[in-house]
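One structure is given below, encoded as structure tokens.
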Amino acid sequence: MRRVKKYAAIVVLLSIFPITWIAGRNFVTEKGTDIYAYIPQESDIVIEVNNVNFIAEFAYQRIFNEAYVMENIDFEEVEIETGIDYFSKIVLFREQWADEYIWIAVIAYSDKDKFKTYVQTKLKDTHMAMSNGYAILQLSTSMHQEKMDERLVQIARKEIKPFTSRVDLRKFFKADKEINCYFIPPSADFENELIDGHLSFDFHQDHVDIGGEFTPVSGFEDVPTIAYALDEDVAFSLRSSLNVFNSIYWFSKEKIEGIPEYKQMALDYDGVNMFMVDGSFNYKFPFKKYPEMQLHFDMVNNKVWYDFIDTLVAQEKIRLDTTAHILATEEGTFFKYELNKEIFELYQSPVNLKENKDEGVCFAMQLQIEPLLDNTKFMEDEANPPGDLMKKVGMAVAKDMMDDLHALANVEQINFQLTKESNSKIKASGKVQMKNREGQSVIESLLFARESFYFISLAIDVATDS
């Protein structure tokens with residue numbers, strides 16, 4: 001089993017779950033909701049993890065399905081004294097503070113000194129405040145750390161107006177669900193049709209059910225349903241008539257922000273061909289990238305879109321070959337493109353969207369992880385080949401990375417959609433299907449999360465080092 005030598009801050013939370021089966025020997029009543037008082041009013045995402053539910057399932061699986069659990073979970077740290085109160089909830093929230101977003105966790109502890117020691121052995125740079133049995137633990141880095149440290153103390157002392165003065169989480173966070181989430185989408189340059197919403201994650205034998213509701217803005221009845229059907233034959237397919245995306249990630253560190261308002265959005269992604277090049281291109285990641293993708297927007301205001309594209313060109317974020325209709329990003333991602341009075345498209349092969357016939361659906365997505373990984377290919381660029389040493393090292397790293405990523409394929413498929421129920425509510429529904437039909441979704445989700453956070457931690461380390 002691969003050992004993670006470097007940790008992203010969030011990974012420390014994952015280490016809680018492999019040892020909770022010990023606490024599951026006891027039968028206790030779940031603690032109350034006093035932990036909500038530590039969530040600042042300005043938070044825009046709140047996530048609650050009901051530890052007791054996970055403890056019960058771990059205990060059951062550990063006793064009655066021992067071989068399966070021991071094969072998949074590393075229990076080396078079982079005997080470590082963490083000082084964590086496993087029978088309290090864990091809450092994570094995101095707060096927009098100054099000019100950045102900061103993720104923070106609220107964790108109950110039973111032994112202050114043991115908890116501090118445990119966290120400090122897990123995190124190379126710990127920022128935390130403790131008060132009244134709770135630790136306020138910073139999970140993401142800040143450009144204003146000194147002021148952020150003061151903020152953590154204010155939160156621990158409950159000097160910040162709580163989120164519950166804005167939203168009564170007890171109405172939406174159900175104790176029988178393993179994970180609950182509340183969202184307040186940030187404002188954007190275009191109108192966002194969603195005011196707020198909540199989701200719950202209900203863990204079953206081989207799958208996780210997703211349910212919830214979102215509140216739309218006034219006049220939502222004028223928002224159409226999605227015009228194009230999902231393509232179930234590609235690895236990732238997404239459709240939206242909601243303006244909930246205002247940025248596009250270009251398969252690297254690049255990020256294009258401020259996407260103008262659109263009527264319809266359709267995205268199909270089926271992997272990417274990566275061609276390794278020599279160092280003369282000065283790419284941070286030495287590959288030309290050709291995503292097998294079609295991205296389509298039905299525009300609301302074509303002048304705004306033309307101005308948006310012109311701005312990206314002026315900022316040298318993209319280059320346009322208007323004769324061949326080729327768009328290239330600054331980090332070497334290449335598409336064909338179409339821009340006219342009605343649509344904007346990026347693609348490798350001609351866009352072939354099909355009409356949607358389902359009434360009421362305003363957002364839909366499907367993700368199949370294994371095909372996505374299988375369709376990610378690494379090759380040598382014949383026109384600008386790398387040197388032999390660079391090629392050998394680069395291709396070896398790429399192969400190792402893809403081999404490791406295949407551990408994520410224990411999640412077979414994710415489906416999610418938003419459906420208009422009325423002018424005042426949008427129903428959220430979805431399902432996470434595990435590949436192992438004989439496993440247990442709590443264990444399988446932990447394995448997926450562990451691998452996911454491993455790669456997140458590497459990305460954070462690379463970003464920090466650079």
Side-chain angles (χ1 to χ4, degrees), residues 231 234-238 240 245-260 262 265-297 299 305-306 308-339 343-353 365 367 369 371-386 390-391 394-395 397-399 401-402 405 455-456 458-460 462-463 466:
D231 186 344
V234 300
F236 178 66
S237 187
L238 183 149
S240 181
F245 298 100
N246 76 326
S247 62
I248 298 176
Y249 288 86
W250 303 92
F251 311 98
S252 68
K253 291 184 180 180
E254 301 164 278
K255 181 181 180 182
I256 305 299
E257 297 183 295
I259 301 297
Y262 51 84
M265 174 186 179
L267 169 63
D268 293 319
Y269 178 73
D270 206 27
V272 59
N273 293 311
M274 316 275 279
F275 293 88
M276 193 173 190
V277 296
D278 62 40
S280 63
F281 289 85
N282 294 318
Y283 296 152
K284 294 184 181 72
F285 188 56
F287 287 86
K288 288 183 177 179
K289 298 167 282 291
Y290 295 84
E292 292 296 332
M293 185 190 89
Q294 57 179 20
L295 174 62
H296 171 97
F297 291 99
M299 300 182 295
W305 276 87
Y306 279 103
F308 169 68
I309 298 297
D310 288 342
T311 299
L312 295 181
V313 172
Q315 294 173 345
E316 298 184 344
K317 292 183 177 294
I318 63 172
R319 301 188 307 276
L320 297 182
D321 182 335
T322 55
T323 302
H325 277 231
I326 301 294
L327 182 152
T329 74
E330 60 185 332
E331 278 297 321
T333 306
F334 293 82
F335 306 91
K336 296 177 183 178
Y337 79 93
E338 179 66 34
L339 177 63
I343 66 169
F344 173 60
E345 294 179 336
L346 298 175
Y347 56 91
Q348 299 297 339
S349 301
V351 175
N352 57 344
L353 299 172
M365 64 150 283
L367 171 62
I369 293 177
L372 186 68
L373 299 175
D374 289 341
N375 295 337
T376 300
K377 308 293 186 183
F378 291 86
M379 295 159 279
E380 176 185 350
D381 187 83
E382 295 183 358
N384 304 279
M390 183 179 179
K391 175 185 174 182
M395 290 299 185
V397 170
K399 182 181 183 303
M401 180 184 72
M402 294 308 300
L405 278 169
F455 290 103
I456 291 173
L458 294 183
I460 291 174
V462 169
S466 61

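All values reported here derive from a predicted model rather than from experimental measurement.
For the pair Asp270 and Gln348, the minimum side-chain heavy-atom distance is 4.5 Å or more. Between Asn384 and Lys288, some side-chain heavy-atom pair lies under the 4.5 Å cut-off. Looking at Leu320 and Leu312, their side chains never come closer than 4.5 Å, going by heavy atoms from C-beta outward. When side chains are defined from C-beta on, Ile369 does not count as touching Phe236, because their heavy atoms never get closer than 4.5 Å. The shortest distance between side-chain heavy atoms of Leu353 and Asp268 falls below 4.5 Å. Within the 4.5 Å cutoff, side-chain heavy atoms of Ile326 are placed close to those of Lys336. Looking at heavy atoms from C-beta onward, Phe297 lies out of side-chain contact with Pro260 at the 4.5 angstrom threshold. Side-chain contact check for Met402 versus Leu373: some heavy-atom pair is nearer than 4.5 Å.
Contact record, Met276 with Pro386: O-CD, 3.4 Å, taken as the closest heavy-atom pair. Nearest approach of Ser237 to Asp231, heavy atoms of both residues: OG-N, 3.0 Å. Here the shortest heavy-atom pairing between Leu339 and Met299 reads CD1-SD, 4.2 Å.
For Tyr347, the ring pair (Phe, Tyr, Trp, His ring centres under 6.0 Å) test picks out no residue, with sequence neighbours left out. Under the salt bridge (Lys or Arg N to Asp or Glu O under 4.0 Å) criterion, Lys399 pairs with Asp403, sequence neighbours left out. Listed by chain and number, the residues in a salt bridge (Lys or Arg N to Asp or Glu O under 4.0 Å) with Glu380 are Lys391 (sequence neighbours excluded).
In this structure, the separation between CZ on Phe344 and CZ on Phe308 is 7.5 Å, given to the nearest 0.5 Å. Expressed to the nearest 0.5 Å, how far CG of Leu295 lies from CE of Met293 amounts to 4.5 Å. Note that the CG atom of Leu372 and the CD atom of Glu292 stand 12.0 Å from one another [nearest 0.5 Å]. Summarising the geometry, atom OG1 belonging to Thr329 is positioned 7.5 Å from atom OH belonging to Tyr283; distances are rounded to the nearest 0.5 Å. Atoms CG and CD1, from Asp310 and Ile318 in turn, are 9.0 Å apart once rounded to the nearest 0.5 Å. Between atom CZ of residue Phe334 and atom CZ of residue Arg319 there is a gap of 5.5 Å, rounded to the nearest 0.5 Å.
Side-chain atoms of Gln294 never come within 3.5 Å of backbone atoms of Glu345 as a donor-acceptor pair (strictly under, hydrogens ignored). Side-chain atoms of Glu331 come within 3.5 Å of backbone N or O of Lys284 as a donor-acceptor pair. Looking only at distances, no side-chain donor or acceptor of Asn273 sits under 3.5 Å from a matching main-chain atom of Lys377.
In this pair, His325 and Tyr337 present their aromatic rings parallel. The plane angle is below 30°, not in the 30 to 60° band. The aromatic rings of Phe275 and Tyr290 sit perpendicular to each other, their planes meeting at more than 60°, with 30° as the lower class boundary.
More than 12 non-hydrogen atoms from other residues, nucleotides or ligands lie less than 6.0 angstrom from CD of Gln315.
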- Query: Can you list the steps and then say if Val272 with Phe378 is a side-chain contact (heavy atoms from CB on, under 4.5 Å)?
  - Reply: CA-CA 9 Å; Val272 59; Phe378 291 86; over 6 Å; no
- Evaluation steps, side-chain contact (heavy atoms from CB on, under 4.5 Å), between Tyr269 and Leu238: CA-CA 9 Å; Tyr269 178 73; Leu238 183 149; over 6 Å; no
